[in-house]
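Following: one structure in structure tokens, then a few remarks.
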Protein chains: 2
Amino acid sequence: MTRTVVHNFGVSLDGFGTGVGLSRDAPFGHAGTRLLSWLIETPTFRDMTGHEGHAHGSSSHLDDVFARRHEIGVGAEIMGAHKFGPPGWHEDPDWTGWWGEDPPFHTPVFVLTHHPRASLELAGGNVFHFVDASPQHALELAAEAAGGQDVRIGGGPSILRDFLAADLVDDMHVAVVPILLGRGVRLWDGLEGIEERFDIEQTRSASGVVHTTFTRRPR
Amino acid sequence: MTRTVVHNFGVSLDGFGTGVGLSRDAPFGHAGTRLLSWLIETPTFRDMTGHEGHAHGSSSHLDDVFARRHEIGVGAEIMGAHKFGPPGWHEDPDWTGWWGEDPPFHTPVFVLTHHPRASLELAGGNVFHFVDASPQHALELAAEAAGGQDVRIGGGPSILRDFLAADLVDDMHVAVVPILLGRGVRLWDGLEGIEERFDIEQTRSASGVVHTTFTRRPR
């Protein structure tokens, strides 16, 4: 059965999933890479992206256990327009995402945008489809493309919030990072009471983040 | 040396320190007792208040370790008007707080209010002073009254935020409760970057809350 899953989504202690001032040079705005530093340093992320890590990496083994799930059992991803590119990318016909020739998805990816364009096929099984669709409709498309595997909601925070509000998420992993961004896009707004739909577990990693999992209770 | 401390302050995963709809029957509004349930069930809280706990208490030993700190080394408390009473309490000359004849403070308490009144002395060393003062001025008054012991900032969230913004907190314990209140008074607003002033530790309790301590780095 296809489930809807979220992996490795970083959120600040004050609830922001990204910062302000997003641009081509600052994909997360003033947040920089701080919501992902625990992830960037993992062996999984390095294998996946070729990123060499910082001189003094701060990820833990537990971080890598969570990071690794990104590669398991996912048949399609849904992402918001702000994950695919900086503000205005839809006016640039040559924009192909942040990830170069071989993005780390290796599945069909459905980009939710009010500016659909022709699908884009890159190396490694990465095919981006641009659709102006509701969460429900996007999930139908992605589930069909996933061929029985799971559908990942890749973020950003607005899209993830929409899917949570529509009760379309089965299994979510959020890493709460002990920083206060103060400004940005809030993940948790408008989600009063959703904890009643989930079993929630929290585990602190040696890197300082609190891995938080939401597991959908049986309906 | 007098330090400024915060103990046992509950905040929801989405950052609210209290709910909406505060009233005499609902001191925390729609939040009810959910931000404090880990505390209410502890032996410390029962000893302190005579509260008998629920039939199926859910506090852990670790929760009690934190709860117990409330009683150690504090010589005065500062609280906001919303902690002392429901909206409009200042129009009721007979209002003496939520806590009956023997409140659990046993020290001078400075209530920040725009409606000062004469000081109120109750049993057990509880003396309430009502002052219209800035955080800095209130802290001077409380530090003098504390006689070399610590000053506790008792909340609510607006007052705590003001003291954090003014960089007047040395040692803070916040219990992050895995619920989404959706509405209420946010603790973390306007505090961008304060993590740089603190060492932050987080530990999950078996009751499900994440005890989060902020320890001021040397200035």
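Quantities reported herein were computed from a predicted structural model and do not represent experimental measurements. In the text below, chain A, chain B and the rest are named by the order of the sequence lines, each starting its count at 1.
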Checklist entry - Around B/His70, counting heavy atoms of other residues, nucleotides and ligands shown, do more than 12 lie under 6.0 Å from its NE2? => result yes

Checklist entry - For A/His173, does the NE2 atom sit with more than 12 other heavy atoms under 6.0 Å from it, leaving out its own atoms? => result yes

Could you check which of [options] has the highest count of heavy-atom pairs closer than 4.5 Å to chain A?
options: B/Glu201, B/Arg183, B/Glu196; result: B/Arg183
options: B/Leu13, B/Val11, B/Ile200; result: B/Leu13
options: B/Pro178, B/Ser12, B/Gly15; result: B/Pro178

Suppose a student defines contact as a heavy atom less than 4.5 Å from any heavy atom of chain B. Which residues in [range] would they list?
range: residues 130-142 of chain A; result: none
range: residues 2-10 of chain A; result: none
range: residues 210-219 of chain A; result: A/Val210, A/Phe214

Item to check | Separation between CG of B/Leu164 and CG of A/Leu180, rounded to the nearest 0.5 Å | outcome: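 Spacing of CG (B/Leu164) from CG (A/Leu180) equals 9.0 Å.
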
Item to check | Qualifying residues under salt bridge (Lys or Arg N to Asp or Glu O under 4.0 Å), relative to A/Arg186, sequence neighbours excluded | outcome: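 Partners of A/Arg186 under the salt bridge (Lys or Arg N to Asp or Glu O under 4.0 Å) test: B/Asp189.
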
Checklist entry - For A/Leu187, is it the side chain, the backbone, both, or neither that has a heavy atom closer than 4.5 Å to a heavy atom of chain B? => result neither

Checklist entry - Taking side chain as C-beta onward, heavy atoms only, is B/His30 less than 4.5 Å from A/Glu192? => result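 Counting from C-beta outward, B/His30 and A/Glu192 do come under 4.5 Å.
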
Next on the checklist: Going by side chain to side chain contact (heavy atoms under 4.5 Å, CB included), B/Glu195 matches just one of A/Leu181, A/Val177, A/Ile179. Which one?
Outcome noted: A/Ile179

